[in-house]
Q: 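Let me give you the structure first, and then I'll get to my questions.
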Amino acid sequence: MSTPDLAALLHLPGWRGAVRHVAGPLDGPPPGDVVLGDGGGATVVPGAGPGTLLCLTGAVGAGAADAWRLEAQLRRAADAGVVAVLLPAAAEPTGATRLLCSRLGLALLVADEPVLQRALEAAVALAAPEVARARAVRAVSGAAGASAQDGAGFVRLLQRTLDLPVAFLDGRGAVLHRGSDPVPTAALRSGEPVPQRTVLPAGDGGGTLLAHPVLLPGVRAAQRWFVAAAPGWADVEAVADCLAVAAATVAARLGVDRLGLERDARARASLLTDVLAGGDGPDAELRRRAAAAGWALDGWHVGVRIGAPATTDTAGSRDEVAAAFADGGLAPVVVEHGDGWSAWITLPRPPAAETVRELAEDLRQVHRALRRHLRSWTGVGRPHGGPGGIARSLAEATDAAGLAAGRTEQGCFLHVDQLGVAQTLLAWTRTGTFPPAARSLLEPLGPPGSDLVTTLAAYLDQESSLVQTAAVLGVHRNTVAARVARVQQLLEVDLTDRDQRLALHLACRAVQGG
């Protein structure tokens with residue numbers, strides 16, 4: 001472990017706020033030893049040699065009348081190779097003395113009484129820096145074990161212990177709590193749930209960003225993050241150890257919550273399995289359980305299936321899915337089910353076609369909001385009545401979601417009402433003669449999957465809406481407008497002509513593989 005330099009000594013718990021740097025360089029070599037000396041002595045202090053920190057006690061010369069005594073002693077210290085001198089506050093140096101130290105290259109520090117205590121703390125830190133680290137870790141672990149510490153509590157504890165900017169983030173890197181000083185969290189790689197150290201650019205204050213994930217057994221993604229910005233003087237090993245202790249404590253508490261979360265998820269999944277198996281004739285016990293869960297079995301149900309990669313923490317992300325629905329003004333039943341979530345919205349009576357279209361559009365907006373944070377694909381079923389309607393609509397939604405996973409040009413969202421037409425269209429484009437003609441037609445735009453082909457397909461899917469196409473592709477509408485203009489120029493077509501639009505739409509379907 002490296003020896004702390006003068007800047008690091010100023011941040012020792014006993015020195016912080018009690019010792020001031022008043023003159024000379026702080027960026028010199030770290031002192032190797034601490035030597036006590038009499039401030040009134042007229043000779044060289046024994047042991048005050050190269051690389052030492054000289055702490056003067058006793059009657060140190062103060063004031064203009066005795067300044068020459070102190071300056072003589074400082075000259076002798078500088079000649080002996082002393083890197084810094086610590087004075088009691090009673091011997092506050094004059095401006096001339098400070099200027100002398102700067103010229104001599106000798107750091108001058110002033111401490112509130114008692115100087116002996118400050119000297120002892122420095123000696124311990126220099127002789128055994130790992131002791132200071134152990135004390136910091138013990139302070140964090142002791143406080144964590146003594147009382148419940150939430151994220152905000154740990155931020156206060158770590159900032160007080162380490163004297164560094166500290167923040168507590170959620171699993172994706174959004175700040176939940178931070179101290180009085182900001183932390184440059186942009187350097188965090190939240191997709192890599194391992195302890196991280198990143199060298200910060202000078203614009204962020206320099207130093208090192210340390211991050212430690214809060215992990216739960218069996219869950220790949222980080223649940224939370226502790227991050228700290230350590231300047232050059234900080235002991236990064238001590239910071240890393242303290243963050244690890246805090247993360248382990250929070251993980252233990254999240255683990256308790258996780259058990260309850262998974263128990264509830266299993267109960268919901270079990271109830272859904274029984275509802276799907278119950279068909280149109282659920283027994284009284286199933287109706288009672290559904291009512292206790294707040295599920296309405298009667299009425300008309302519109303199923304929604306949200307698929308996600310197998311690595312997704314479906315139980316841990318359920319609240320996020322429910323929040324996306326709530327933000328969209330919807331309150332469906334949401335159940336963790338396989339690799340994703342099954343949901344349905346219950347209506348009291350058969351919905352009109354316009355109501356279904358509006359509901360599908362609302363669900364599309366929910367899907368887009370969710371995809372900003374979570375890779376997913378969504379299918380929506382048609383309305384079906386009665387208890388068995390849940391199973392029928394969810395089955396349609398699951399089929400639609402399976403197709404939606406590969407429909408990037410449609411934003412990975414499909415409503416089953418669109419599926420029948422689309423399937424008919426696709427069947428026709430899969431004849432032996434159509435694909436070669438389609439590839440030839442779109443060849444000027446580049447290979448399938450190129451920006452122009454993808455944009456054209458999405459633009460036609462979105463009924464020539466630049467805004468909707470931009471939302472689906474995740475680009476600016478001006479980008480879409482420029483690409484559409486380029487398509488028309490390269491193909492020499494008029495996209496307002498319905499026959500040309502139909503031909504291009506079919507060609508896109510054929511070359512994009514449906």
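Worth knowing before you read on, the calculation uses all heavy atoms, side chains too, and leaves out hydrogens, waters and symmetry mates. Worth saying up front: this structure is predicted, and the values here are computed from it rather than measured.
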Q: Hey, is Asp283 close enough to Arg288 for a salt bridge, meaning N to O under 4.0 Å?
A: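 Salt bridge: no.
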Q: Checking Ser393 against His301 for the side chain to side chain donor-acceptor pair (under 3.5 Å) test, could you report, in this order, the C-alpha distance in whole Å, the side-chain angles of both residues, the deciding distance, and whether it holds?
A: CA-CA 7 Å; Ser393 190; His301 311 286; over 6 Å; no
Q: Distance check, rounded to the nearest 0.5 Å: Asp163 atom CG versus Asp181 atom CG?
A: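 Taking CG in Asp163 and CG in Asp181, the distance rounds to 9.0 Å.
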Q: Using 0.5 Å steps for rounding, measure from the CG atom of Leu374 to the NE2 atom of His367.
A: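 Between Leu374 CG and His367 NE2, I get 10.0 Å after rounding to 0.5 Å.
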Q: When rounded to the nearest 0.5 angstrom, what distance separates CZ in Phe154 from SG in Cys242?
A: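 Those atoms lie 10.5 Å apart.
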Q: Given side-chain contact (heavy atoms from CB on, under 4.5 Å), test Trp295 with Val335 step by step and report yes or no.
A: CA-CA 11 Å; Trp295 298 6; Val335 180; 3.6 Å; yes
Q: Does Thr273 use its side chain to pair, donor to acceptor, with the backbone of Ala269 at less than 3.5 Å?
A: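 Checked: pair present.
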Q: Distance from Leu506 atom CG to Leu441 atom CG, nearest 0.5 Å?
A: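 Nearest 0.5 Å value for the CG-CG distance: 10.5 Å.
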Q: Considering all heavy atoms of both residues, which atom of Leu490 and which atom of Pro444 are nearest to each other, and what is their separation?
A: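 For Leu490 versus Pro444, the nearest heavy atoms are CD1-O, 3.7 Å.
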Q: Looking at Asp280 and Arg392, does any basic side-chain N land under 4.0 Å from a carboxylate oxygen?
A: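 A salt bridge links Asp280 with Arg392.
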Q: Using modelled atom types and a 3.5 Å cut-off, is there a donor and acceptor pairing between side-chain atoms of Thr469 and backbone atoms of Ser465?
A: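 Judged by distance alone, yes, a pair lies under 3.5 Å.
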Q: Tell me, which pairs form a ring pair (Phe, Tyr, Trp, His ring centres under 6.0 Å) where one or both residues lie in residues 380-399, sequence neighbours left out?
A: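 Listed by first then second residue: nothing to list.
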Q: Please check if the side chain of Ser450 supplies one atom and the backbone of Leu445 the other of a donor-acceptor pair under 3.5 Å.
A: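 Checked: pair present.
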Q: How long is the gap from CG on Leu414 to OG1 on Thr378, to the nearest 0.5 Å?
A: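 It is 10.0 Å, given to the nearest 0.5 Å.
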Q: Any Lys/Arg nitrogen of Asp451 or Arg483 sitting under 4.0 Å from an Asp/Glu carboxylate oxygen of the other?
A: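 Yes, this pair counts.
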Q: Run the side chain to side chain donor-acceptor pair (under 3.5 Å) check on Arg501 and Ser464 step by step: do they pass?
A: CA-CA 10 Å; Arg501 285 174 54 86; Ser464 303; 2.4 Å; yes
Q: Could you walk me through whether His415 and Val356 satisfy the side-chain contact (heavy atoms from CB on, under 4.5 Å) test, starting with their C-alpha distance in whole Å, then the side-chain angles of each, then the deciding distance to 0.1 Å, before giving a yes or no?
A: CA-CA 10 Å; His415 182 214; Val356 173; 3.7 Å; yes
Q: Any luck finding a side-chain donor-acceptor pair between Arg364 and Gln468 under 3.5 Å?
A: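 No.
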Q: Donor-acceptor check, side chain of Gln223 to backbone of Ala221, threshold 3.5 angstrom: yes or no?
A: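 Checked: pair present.
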Q: Atom CZ of residue position Arg375 - does it have more than 12 heavy atoms of other residues, nucleotides or ligands inside 6.0 Å?
A: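 Result for CZ/Arg375: open.
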Q: Do Asp274 and Arg289 sit within salt-bridge range, that is, some charged N less than 4.0 Å from a carboxylate O?
A: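 Looking at Arg289 together with Asp274, the answer is yes, because their closest N to O distance falls below 4.0 Å.
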Q: Evaluate the criterion salt bridge (charged side-chain N to carboxylate O under 4.0 Å, His left out) for residue pair Arg318 and Asp313; output intermediate values, then yes/no.
A: CA-CA 9 Å; Arg318 179 182 178 275; Asp313 177 15; over 6 Å; no
Q: Could you tell me if Glu192 and Gln196 have a donor-acceptor pair between their side chains, going purely by distance under 3.5 Å?
A: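 No, no side-chain donor-acceptor contact under 3.5 Å.
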Q: Can you tell me if CD on Glu320 sees more than 12 non-hydrogen neighbours from other groups inside 6.0 Å?
A: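 Result for CD/Glu320: enclosed.
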Q: If you measure from CZ on Arg160 to CZ on Arg16, what distance do you get to the nearest 0.5 Å?
A: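 With rounding to 0.5 Å, CZ (Arg160) is 10.0 Å from CZ (Arg16).
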Q: Check each of Val334, Ile390, Val275, Val304 against Trp344 using the side-chain contact (heavy atoms from CB on, under 4.5 Å) test, and report the only one that passes.
A: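 With Trp344 as partner, Val334, Ile390, Val275, Val304 yield a single side-chain contact (heavy atoms from CB on, under 4.5 Å), made by Ile390.
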Q: Counting only heavy atoms not in Glu285, do more than 12 sit closer than 6.0 Å to its CD atom?
A: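 Enclosed.
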Q: Between Gly173 and Ser190, what is the shortest heavy-atom contact and its length?
A: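 Between these two residues, the closest heavy atoms are N-CB, 4.2 Å.
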Q: Go through it in stages, so that I can follow the logic: the residues are Ser317 and Glu336, the test is side-chain contact (heavy atoms from CB on, under 4.5 Å), and I'd like the CA-CA distance, side-chain angles, deciding distance and then a yes or no.
A: CA-CA 9 Å; Ser317 301; Glu336 304 87 337; over 6 Å; no
Q: I'd like to know whether CZ of Arg189 has more than 12 heavy-atom contacts from other residues, nucleotides or ligands below 6.0 angstrom.
A: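 Enclosed: over 12 neighbouring heavy atoms sit under 6.0 Å from CZ of Arg189.
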Q: Output yes when a side-chain donor or acceptor of Thr312 lies under 3.5 Å from a complementary backbone atom of Pro309, and no otherwise.
A: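 Between the backbone of Pro309 and the side chain of Thr312 there is a qualifying donor-acceptor contact (under 3.5 Å).
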Q: Looking at every heavy atom in both Leu466 and Arg477, which two are closest together, and how far apart are they?
A: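 Looking at all heavy atoms of both residues, the closest pair is CD1-NH2, 4.0 Å.
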Q: Might you work through the side chain to side chain donor-acceptor pair (under 3.5 Å) test for Arg305 and Ser342, ending with a clear yes or no?
A: CA-CA 5 Å; Arg305 175 63 188 171; Ser342 291; 3.1 Å; yes
Q: For residues 315-342, which residue pairs qualify under ring pair (Phe, Tyr, Trp, His ring centres under 6.0 Å), counting only residues two or more places apart or in two chains?
A: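 Residue pairs with at least one partner in residues 315-342: there are none.
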Q: Does atom CZ (Arg349) have a neighbourhood of more than 12 heavy atoms from anything else shown, all under 6.0 Å?
A: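 It does not: Arg349 CZ has 12 such atoms or fewer within range.
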Q: Kindly write out the residues that satisfy ring pair (Phe, Tyr, Trp, His ring centres under 6.0 Å) with Phe168, not counting sequence neighbours, or none if the list is empty.
A: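 Expected list: Phe226.
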Q: Tell me, with the steps shown, if Arg258 and Glu262 meet salt bridge (charged side-chain N to carboxylate O under 4.0 Å, His left out).
A: CA-CA 6 Å; Arg258 179 76 185 191; Glu262 293 188 346; 2.9 Å; yes
Q: Do other residues, nucleotides or ligands put more than 12 heavy atoms under 6.0 Å from Glu463 CD?
A: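 Incorrect, the count does not exceed 12.
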Q: Spell out, as yes or no, whether a donor-acceptor pair under 3.5 Å connects the side chain of Thr398 to the backbone of Leu394.
A: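 Side chain of Thr398 to backbone of Leu394, a donor-acceptor pair under 3.5 Å: yes, one is there.
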Q: Test side-chain contact (heavy atoms from CB on, under 4.5 Å) on Leu243 and Leu210; report intermediate values, then the result.
A: CA-CA 8 Å; Leu243 296 186; Leu210 291 100; 3.9 Å; yes
